[in-house]
Every structure is written in C-alpha cells, then in structure tokens.
**Q** 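Below you'll find the structure I mean.
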Amino acid sequence: MMLPRVAGALFDIGCEIERMDHGARVLEVVHGMSLGMGEQNGVVTRLNRVAPRSMESVAKSAAIARERADTVRGHLPAELWEAVNEANLDLRDALEDPFAAKGVYGLSLCARRAGHLVFGVADQAMRRDGLWHYLCLGRFLERASATTRLLAAAEEAWAAGEPADERGWRAVLEATSAYHAFLRSNTAALDHASTVRFLVLDGEFPRSVVFALTEVAMALDGLVPKGTPAPARAASEATGTLLSLLTTAPPRDPGDLIHLTLDHLRLIEAAIAVDCLPRVFDDPGGLHDAQAAHQTQN
Amino acid sequence: MSLFGRYPVNGHFDEMFASAGEPRRGYERIFSELAGTEASVFKSRHALAERSYISRGITFSAGGKEQAFPFDLIPRIVPSDDWAVLEAGLAQRVRALDLFLADVYGRRQCIRDGVVPNGLVVTCQGYQREMVGVEPAAGRWIHIAGVDLVRDHDGVWRVLEDNVRTPSGLSYVVQNRAFMQRVVPEIFADHEVASVADAPLLLLEALRHAAPPGSSGDMPRIAVLTPGPFNAAYSEHAFLAQEMGITLVQGDDLVVRDRRLWVRGAAGNQPIDVLYRRVDDAFLDPVTFRPDSMLGVAGLMQVYREGRVGLANAVGTGVADDKAMYVHVPDIIRYFLAEEPIIPQVDTYLLERDSDREYVLDNLDRLVVKAVDGAGGYGMLIGTHSTVAEQDVFAARILANPRGYIAQETVQLSQAPVFLDGEVQPRHVDLRPFVFYGEHPRVVPGGLTRVALREGSLVVNSSQGGGSKDTWVVSGS
C-alpha cells in the first residue's frame, strides 16, 4: 500500500539524484572548458551561470535525497536505501578529501557513479508499482527540465550574439553525455540548431526532452489511469500536449523550440504538484520530532 | 602475538575463559580459530563491519558525525543445553506476566489474594486505568518481550529486568548475525549455530495473534507504528517492517473512521487489524491520553476497547515491567503457574518498606539504585562507582519519593573478550533474549549481547556508549 508521504519522498529522491548527476556533469564540463580557454566563449560562460556553484551544492542534492529516503526507508528495498545512503556518505567523504577537493573530476565521478548505482538498484530491486512510477516521475521530469534549462542558457548566448563556436555546443552535448551519440546519429554540422534539435527531439537519446517526457507520460499513466476524471488528469494531458507538439509539429526555430518546451514544462510541473504530490504540513515548533525522540524504546 | 596473548582473566566470571588460555565449553574452536589471527587482520574485519553498519544507516550521531553502533566480532556462545534451561525460564516468565496483566486489568484476584499490593499496582507509571475491563484479542497482552539476563560472579544466570512495553534490539540480533556471516565467515566452520534469520517472521506470527476475531480472515493487515526518524530506534522499526513485509506508518498516516482504524493510502484508505506500536502509551491517542501528542491517532483507544483493532504490545503492559513490580515476579510465577521460577533474579529492595530503605541508605556505596520508571541506563546510581556527593543526591531523592526508586545488590556482571583499540580486552556484558507470544511463547535463540565498552563500566545501554555482540546458541558442544 502506498502512502502519500512515501510517494512524495520517492518523487523527491528521483528528482534529487537526477539533479546530483546532472549537476556533476555540467560542473565538470564547464570546469574543463574554462581551463586554458584563451578566447571567451559565450556559451561556456552562460553554462557556467546555470552550473551548480560548487560540488557542495551537488553533494547537497545527495544529502536531501538521503534525508528523504531516511523518512521512508521501511518502504524501500533495503538495497535502494543503502545506495542512496552510500551516495551521500561517499560525496561527503570526497568533499573532505583534500586532494579530490582540488578539482571537480573526483567528486563528479563519485556523484555520477552514485547516480548510476541508485537508479540501477531501483531498476533491479523495485516492483513496477506506484512507488516506482513516482521515482521515475521525479527523475525524468527533472531531466527534461535540466536539459531544457541548459539549452535555454546556451540559447541566450546565441541570441545575444556572444562569441559561440563549436566548443560551446560540444560543451552542451558533453554536459548531457550526448556528444558521441550526437556524432553517431547526426550528419549535420555541430552548431546551434543541430544541438538544440538533437537534445529536444531525438526520442532515442535518453537525455533528450522527448525521451524524458515519454517516461514522464508513462509514469503518469501508471499513477493516474486513463478512466480518471479530467481534473485529475491535468498532468497527463499537459504532458501529452507537449509531446504531441514536439513529435508532430516542432517549431523550426531553435529559440522557439526551447521556449515552447520551457513554457509547457512549467505547466506540467504545476499540474503534477496539484494532481500527484501530497501537501506537506510543517512542524514549525519541532514538537513532533521532540516527542519522537523521547519515546521509550526499552 | 596471539589475539588473546595479553587477555587477563581477572577475577570476574569470564564468558570465554575458565582460566587464562583455557576456553570454556563451546568456545574451543572459536578460540583456536581466532588465536592465530593477526590483530591487524581482525582490525580490518572490524572496519568492514563498521562500514556495513554505516551503509545500512544503523548509526548514531556523535559530535555531528554519524558513527556505527559498536559491534564486536567475537561471538558469545551459549551451549544449547544451557540455552534450553534459559528458554524454558524465559517462556515461563512471560506467560506469568501475561496472565498477571490480564488479572490486574480484569478480575484483580491476585491483588485480593495478596500476591501484589494494590497500592503498588495503581501507582505504577505504566498502569493505565483506561484498560480496566478491556480484554485484548485472544486475551494476549504481551506479544514481544525483551528480558535482560546477567551472569553473576559465579556464572549463575539471573533476570535483571523485564521489558514488556516496546522492547528494542531485535533488529540487531538479526543484523549482527548477517554481518558476522559476511565479515568473518570462517569462524562459523564446524559450528552448528541456531539461526536467528526468521526472528522477524516469528514476530509477525505473534502479531497475527493480536488480530481481533474475524478481522481479515487468516491474513490480518498489520502495520508498524513508528514515532519517525527522530527516534533512536527508527532504523529498527524500518528494518522490522521490511523484514515482515508490512507497512511502516506514522500517526499522521492513520485515521479512525466508522469505528475502524485505517491507513490513508494514496489510492484510498485501507483498514488495519493490528498495530505493532513503537510509541509510548501516553502518546497513542490524544483524545484519551496526552492531548498534545503529535505521534498518535485520535480515537484509537475507542476502537481498541471495542475490539476492532489489536495493539502489540497491549496498552498498560508497563505495570508488569515496573522496576518495583520486579520484586514480586517470582510470586507472580508461583501464583499463576503453580511453578517455581526457573531463572533466579537479583536481590532487590523496595524503598517504600522502612527496613529496606534504612538498609539501602546505609549501604548506598555498594548498591545499585534505579528509578522505577528509568530506562536506557539513566536515572541510576551504581554505588561502587559513585562519589559521596552523588550518593547524597540519591539519598535525598529516595527520602522525597521512596516509591520512585528500588535498590539492588550490585551484580558483578560477567565479562567477555571484546576487540578494542587493536587488542582483545575484557568488558562486562548482559544478554537480552526476545520472547514472542502468539499462541505459545517462542524464544529467539540467543538474543542481543550488550557490551559496556568503557573499562569497568556496568552500563551496557547503547544510549550510554554500549555496544553489542552476536550470540550463538551452539549444539553439540
């Protein structure tokens, strides 16, 4: 049986682990690109603005995921709880390691591996029930948003006429682990338009917006069955609308494509918050936690 | 240097050694296996076990850093024939306490017959007037009990105290064994060790017995009620829920509607037949008990009294494990079972009695004084380890509230070898076995050996720096 607060926690875990993984990739790419870069590249500069401020903020995502997992650990497969807990512990240890802290590679590698482990364990150990759908919902909604935000940042540089050569578009693709997939699948030159179209529309690449939205739609289908009255299906319908627009008649202009995606994603996020996520009541005085701490366990 | 090369057998009863270098019955093979192990190897095994505990989140916070609960890799061994006696004694004790509770809240015949004074019963903090006349499902009050045993200077097993409200530590019994099998598999060779892996399922069986008649057929719906992550035993609540395959809930997840208890699910409410509650009586229901409780469910006691939900353990069991009631347990066993107690207990003084109080006040420097409602090793004075000022404080407390304290002769707890700071050292230990009471009492073989990690300390509670050991009941030794 699925409790609303557990569902909310799974959504958050999916979201935070994805954010950790994505943040680590972006930070590593931006860090690498900025080293020894003589000529200014507008795209890289813009990416730097949307990248996490530091590895501490990447580690913060792992800490939040761990905290959320702790509140529901009795509902998770033990291996999944361990993987989330380990992710937090490993990142914390890595941050304290003076050698690793000098660059971002060690920490980024640690974060990415932790992300693979968490989702790999979830894939192998979770039933495909409501909890699984909530984990996927958080994970892929965050992924669709993160990819779109990255493209929007790069697009701003392009629109502002800032210097942006191939290195910038390669950075965008590498930050989403898409560079080699792009090269293999795309005969077009590496430029602004081809990068945006690939990362939004290539439904076969797992970090594209269309791929992530398809996963969001599947998760919503698992959570909100088709016979459900329309008001409770706002999230499903908003997701379906965007997917339909992107797969049948996407705008040709890359800027329009990004803005359309961003606008619809906001609607989807709002609808999911209303349709699917529990309302959280604060315990401002900390009375609940204080009472919990003082229960006799003799 | 052998792992046990400098190990002193120093006058206390030692669990492993009859004398220096001479292992007791059951320990011979462990001794020969471990004696040849380098301390550095053992240290790395310990580090691995510690890491496993931290990965699992079985930790406590010390100075802002998470630390694993200390766990020692040298098992404590109880030969199966010795265990058979303890098993019978533990089952006897829990059966008697269960009957006592039914009587105290029912006919009160044992009070009329003078076995237990009424004044003592009704002044127990764990006595709940709201339970008078209530008969829980199958008449069972205690579904899980943790009975603390110690071995004295002569190696005699004695009951130190009973825990029949929300006894804690079962998860460590199961997890300690699992970690041992991973980290030091070789020491299991040539031993026939009674398994503890199915302990959560035995608990589940006992919990099923708490279901109201006709609730959900053969498979009652059971949940674990936890106070939440801020409670020190939260990892245990989560572990047991997982291992039993039942839902872990907090008070907010539950609601009373239509005179039934329900879990508020994302896809609708589902009824609950039995609640394995790890929340104190006083917090279970803000309508009946503390109105400020954030941990319970409004209206729970009403449906409980009506027999529409089972609670394990029953509300009000605290009257049976009150430290002052402990004095009367041998008589309770004789009265309800017409049997002599199998396991003796520690000589105890009731400070309400003038003669006992006088004696205790004159001998505070060598007795142990405990608050009757204390837990976790808090609120006690160990006379032999105390200062005169501390004794004065306790003397004043006793005089102000004699009902609030008991005193016991100091038992020089047995000691066992523990790997600390790179070498094996003796430390005092006790044993908490667990008894599940469904249709019949069933005792988990072994139990949790708790270790006082500070040299010379007699306080084994984890909240005060205690650790634990795996406990093996070994056949054919």
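In what follows, chains are A, B, ... by sequence order, proteins preceding strands, each numbered from 1.
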**Q** For A/D21 and A/G115, indicate whether the former's side chain and the latter's backbone hold a donor-acceptor pair under 3.5 Å.
**A**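 Between the backbone of A/G115 and the side chain of A/D21 there is no qualifying donor-acceptor contact (under 3.5 Å).
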**Q** Answer yes when B/D281 and B/R290 have at least one side-chain N-carboxylate O distance shorter than 4.0 Å, and no when they do not.
**A** no
**Q** Name the member of B/S235, B/A223, B/A232, B/A282 that forms the most heavy-atom pairs with chain A at distances under 4.5 Å.
**A**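 Answer, by heavy-atom pair count under 4.5 Å with chain A: B/S235.
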**Q** Measuring heavy-atom distances to chain B, does A/V6 have an atom under 4.5 Å in its side chain, in its backbone, in both, or in neither?
**A** neither
**Q** What part of A/A293 gets within 4.5 angstrom of chain B, counting heavy atoms only: side chain, backbone, both, or neither?
**A**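 Both backbone and side chain of A/A293 come within 4.5 Å of chain B.
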**Q** Is B/N163 close to chain A through its backbone or its side chain, or both, or neither, when contacts mean heavy atoms under 4.5 Å?
**A** both
**Q** Under a 3.5 Å distance rule, please check whether B/R277 uses its side chain to pair with a backbone N or O of B/T226 as donor and acceptor.
**A** no
**Q** I'd like to verify something: which residue of A/M1, A/Q295, A/H75 has the highest number of heavy-atom pairs under 4.5 Å with chain B?
**A**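 Ranked by heavy-atom pairs under 4.5 Å with chain B, first place is A/Q295.
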**Q** I'd like to know if the side chain of A/E142 and the backbone of A/D12 have a donor-acceptor N/O pair within less than 3.5 Å.
**A** no
**Q** Of the backbone (N, CA, C, O) and the side chain (C-beta and beyond), which part of B/D321 lies under 4.5 Å from a heavy atom of chain A, both, or neither?
**A**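 Side chain of B/D321 only, per the 4.5 Å heavy-atom cut-off to chain A.
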**Q** If we ignore angles and hydrogens, is there a donor and acceptor under 3.5 Å between the side chains of A/S108 and A/R112?
**A** yes
**Q** Can you say whether the rings of B/F69 and B/Y172 are parallel (under 30°), tilted (30 to 60°) or perpendicular (over 60°)?
**A**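 Perpendicular.
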**Q** Please state whether the side chain, the backbone, both or neither of B/Q250 comes within less than 4.5 Å of a heavy atom of chain A.
**A**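 Contact with chain A: backbone and side chain both.
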**Q** Given heavy-atom pairs under 4.5 angstrom as the criterion, report whether the side chain, backbone, both or neither of B/R56 touches chain A.
**A** both
**Q** Is the side chain of B/Y276 donor-acceptor paired with the backbone N or O of B/L203 at a distance under 3.5 Å, no angle test?
**A**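 Answer holds: no.
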**Q** Side chain, backbone, both or neither: which part of A/R73 has an atom under 4.5 Å from a heavy atom of chain B?
**A** both
**Q** Which one of B/V94, B/L97, B/I142, B/D162 satisfies the side-chain contact (heavy atoms from CB on, under 4.5 Å) criterion with B/V435?
**A** B/V94
**Q** How about A/H294: does its NE2 atom have over 12 heavy atoms from other parts shown lying under 6.0 Å from it?
**A**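 No, the 6.0 Å shell around NE2 holds no more than 12 heavy atoms from other groups.
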**Q** Under 4.5 Å from any heavy atom of chain A, what part of B/F239 do you find: side chain, backbone, both or neither?
**A**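 Nothing of B/F239, per the 4.5 Å heavy-atom cut-off to chain A.
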**Q** Who wins among A/E79, A/E86, A/E67 for the most heavy-atom pairs under 4.5 Å with chain B?
**A**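 Sorted descending by pairs with chain B, the first entry is A/E86.
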**Q** Between B/V224 and chain A, with a heavy-atom cut-off of 4.5 Å, which part of the residue counts as in contact: side chain, backbone, both or neither?
**A** neither
**Q** Count the heavy-atom pairs under 4.5 Å between each of B/A266, B/S55, B/G265, B/A233 and chain A, then report the option with the highest count.
**A** B/S55
**Q** Given that the side chain runs from C-beta out, which part of A/A78 has a heavy atom under 4.5 Å from chain B: side chain, backbone, both or neither?
**A** both
